[in-house]
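One structure below.
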2 protein chains.
Amino acid sequence: MSVTSFEANLKHRCSSCSLREICLPLGLDAEEMTKLDDLVKRRRRVFSGQSLFRAGDPLQALAAVRTGFFKIYEVSVSGQEQITGFPMSGELMGLDAISTGTHRGNAVALEDSEVCEIPFTRLEGLLSDLPRLQHQFHKLLSGAITTDHTLVMILGTMTAEFKVAAFLLNLSDRRGQRGEDPSEILLPMSREEIGNYLGLKLETVSRMFSKLRDQNLIETEGRKTFIRNRKALKALCQQGSVT
Amino acid sequence: MSVTSFEANLKHRCSSCSLREICLPLGLDAEEMTKLDDLVKRRRRVFSGQSLFRAGDPLQALAAVRTGFFKIYEVSVSGQEQITGFPMSGELMGLDAISTGTHRGNAVALEDSEVCEIPFTRLEGLLSDLPRLQHQFHKLLSGAITTDHTLVMILGTMTAEFKVAAFLLNLSDRRGQRGEDPSEILLPMSREEIGNYLGLKLETVSRMFSKLRDQNLIETEGRKTFIRNRKALKALCQQGSVT
DNA sequence: CGGAAGATTGAAGAAACTCAATTTGTGTGG
DNA sequence: CCACACAAATTGAGTTTCTTCAATCTTCCG
């Protein structure tokens, strides 16, 4: 092994990864983390617009986002597309493929990104030996269900304005969890993609951005969006609904 | 142990349960199933309208529906309710609570029901010893994500008519999986509950039932709903969408 | 700097919602 | 077993929200 690849290896182990408190290694001790490390193929690059996996692909490996942003979308029998999530750093992709062994979703990078790949069969083997890893894995699976329920709640009960507000707050919160400035959001997805995710047309999304801007709740500057009045934005989401 | 309880025990083990091909024991051999059996508290009755667990309750046990029907609903900070699922026999409830250890959902029986309770901590212990059970558990967790994505797809892309059609077909398919007549659906939930689940008002649901009836796709008789033209109903779902 | 893609805004239309009246279904007590 | 009362479901009419279609403006790359 060359010096450079050795250094690269050191630099890119779970133990030194800034996302270890969000990702699969959470709660593991040094020895356990090493075992997990041995499984992980790190730093696969996926350039903006490229696919990491497609619907119909067999599940080989789960993928954790290291850097960047993805969208996951599914296509119904009628050809309708629905974005089911925008995974960012530390979040796992492909969990829904375990049930059938085949991906239903399509994962596309929204910006140049890097992922860590975790071969699923080998991971399951390791889980039996490492109860803490097993539990964390279950928490992540369960957390994916919770995330989906939140989206169902948004889709089922909210008006367009509140949907967009909730969307921005969600991205903001996730930035905060990663130690980034929660009031400055760089949106890597288009209005159309936001609309698709929220069950709205792109024009409606655009109008709601304008509406929130007119209320001085947010500010926009190209793809950057600033949250100017977090409190009021939150109050908006908590107040408003259709049903 | 008395004779009666011994008999009851025999009668209500996973190995003789008609749902074992849907539920947690799928794929286990006899010995493995016995170990799982030892964990399960069977036949807890939950009468119509009663809660099995509520949001805020600590997760003690997962629950598999043995007989009957439940609704799971979550309440947002704004007080909005959203039904996230209608679990029926063989389906697990409480998986979303693993991530935090606390239930977010409320489980209410829609008719007199019975559940098998599986203490979660003990189950996780057993998973390490039984790789096949572990895998099946992961499949069920993953399947819950898939189910949620299907709902997201329905909420995000479908019109009222197609939502209701998709809802009826889903219930019908699940009856079929259980060996029951898929064209005769006994709806234990109200129009309001269906509407809440689908992001519609109860009046809209009622109108769509009437519309489907006028097209001779379904027939209704009290709470019973018959699927009269399954093919056309399916074609409807596959054709139609908003976005 | 020019062209294309994305975003914004306006006006008109459609889908679903609200409010209200009526009908049907369900469960209970006489 | 029937009658009554209450809850659920249906249907209609008018309103709101979001969508559709179209024009313009902005941003981003080559």
Side-chain angles (χ1 to χ4, degrees), chain A residues 47-49 71 80 82-83 110-112 154-168 185-215 218-225 236 239-243, chain B residues 47-49 71 80 82-83 110-112 154-168 185-215 218-225 236 239-243:
Chain A
F47 294 106
S48 182
K71 70 169 173 183
Q80 282 300 308
Q82 173 68 45
I83 295 173
L110 294 174
E111 56 187 40
D112 293 349
I154 288 171
L155 289 171
T157 69
M158 286 189 173
T159 61
E161 185 179 6
F162 305 137
K163 282 179 177 179
V164 172
F167 173 74
L168 291 173
I185 308 170
L186 186 61
L187 294 172
M189 68 291 281
S190 68
R191 297 287 187 261
E192 185 166 15
E193 287 166 329
I194 296 171
N196 182 294
Y197 179 66
L198 296 173
L200 300 171
K201 294 285 137 190
L202 70 97
E203 296 94 329
T204 307
V205 174
S206 184
R207 278 182 240 276
M208 295 309 135
F209 268 87
S210 301
K211 197 170 176 184
L212 294 173
R213 203 185 310 116
D214 293 346
Q215 297 171 266
I218 65 170
E219 221 169 297
T220 57
E221 196 177 278
R223 0 194 65 198
K224 262 190 206 147
T225 300
L236 200 65
Q239 149 211 156
S241 53
V242 180
T243 315
Chain B
F47 294 105
S48 182
K71 69 170 173 182
Q80 283 299 309
Q82 172 68 46
I83 295 173
L110 293 174
E111 56 186 43
D112 292 350
I154 289 170
L155 289 171
T157 70
M158 285 187 173
T159 61
E161 185 179 4
F162 304 137
K163 282 179 177 179
V164 172
F167 173 74
L168 291 173
I185 308 170
L186 186 61
L187 294 171
M189 67 291 281
S190 68
R191 297 288 187 259
E192 185 166 17
E193 288 165 329
I194 296 171
N196 181 295
Y197 179 66
L198 296 174
L200 299 171
K201 294 283 138 190
L202 71 96
E203 295 95 330
T204 306
V205 174
S206 183
R207 277 183 241 277
M208 295 309 133
F209 267 87
S210 301
K211 198 171 176 186
L212 294 174
R213 204 184 313 115
D214 292 347
Q215 297 171 267
I218 64 170
E219 222 170 297
T220 57
E221 195 178 278
R223 0 195 66 199
K224 261 191 209 148
T225 300
L236 201 65
Q239 147 210 157
S241 54
V242 180
T243 314

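We use all heavy atoms of the structure for the numbers below, so side chains are in, but hydrogens, waters and symmetry mates are not.
- With the end axes of the helix from C/dC1-D/dG30 to C/dG30-D/dC1 each set by five pairs, the angle from one to the other reads 50° at 10° resolution.
- Rounded to an integer number of Å, the gap from NZ of B/K211 to C1' of D/dT10 is 16 Å.
- Of all heavy-atom pairs between B/G199 and B/L155, the closest is N-CD2, 3.8 Å.
- If you measure from atom CG of B/L198 to atom P of C/dA15, you get 18 Å, rounded to the nearest angstrom.
- Looking at heavy-atom distances under 4.0 Å, A/S210 makes contact with sugar-phosphate atoms alone, never a base.
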Reading nucleotides 21-30 of chain D from the 5' end, what letters show protein touch, with B for base, S for backbone sugar-phosphate only, - for no heavy atom under 4.0 Å? B------S--
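- No donor-acceptor pair closer than 3.5 Å links the side chain of A/E219 to the backbone N or O of A/T225.
- Remark: A/S206 is in phosphate contact with C/dT8, judged by side-chain N or O atoms under 4.0 Å from OP1 or OP2.
- Contact between A/V205 and A/G195 at its shortest, heavy atoms only, is CG2-CA, 3.4 Å.
- Contacts of B/S190 with the nucleic acid, taken as non-hydrogen atoms under 4.0 Å apart, involve only primed sugar atoms and P, OP1 or OP2.
- The minimum heavy-atom distance linking B/L110 with B/S48 is given by the pair O-OG, 3.4 Å.
- Annotation: side chain to side chain contact (heavy atoms under 4.5 Å, CB included) contacts of A/Q215 (sequence neighbours excluded): A/E161, A/K211, A/L212, A/L217.
- For the pair B/G156 and A/Q82, the tightest heavy-atom approach, listed with the atom from each and the gap, is CA-OE1, 3.5 Å.
- A straight line from CD1 of A/I218 to P of C/dT8 spans 9 Å, rounded to a whole angstrom.
- Residues B/K224 and B/L186 share a closest heavy-atom pair of CG-CD1, 3.7 Å.
- Atom CG of A/N196 and atom C1' of C/dA7 are 17 Å apart (whole Å).
- To the nearest angstrom, P of D/dT10 lies 12 Å from CE of B/M208.
- When the P atom of C/dA15 is taken as reference, atom CZ of B/F162 falls 10 Å away, rounded to whole Å.
- Using a distance-only test at 3.5 Å, with no hydrogens or angles considered, no donor-acceptor pair links the side chain of B/D112 to the main chain of B/F47.
- Considering only side-chain atoms of B/R191, the nucleotide from D/dT19, C/dA16, D/dT10 that sits closest is D/dT10.
- Side-chain N or O atoms of A/K163 include one that pairs as donor or acceptor with a backbone N or O of A/L198 at under 3.5 Å.
- When the side-chain nitrogen and oxygen atoms of A/T204 are compared with OP1 and OP2 of D/dC18, none of them lie within a distance under 4.0 Å.
- Rounded to whole Å, atom P of D/dA8 lies 16 Å from atom CZ of B/F209.
- Atom NZ in A/K201 sits roughly 16 Å away from atom P in C/dA14 (whole-Å rounding).
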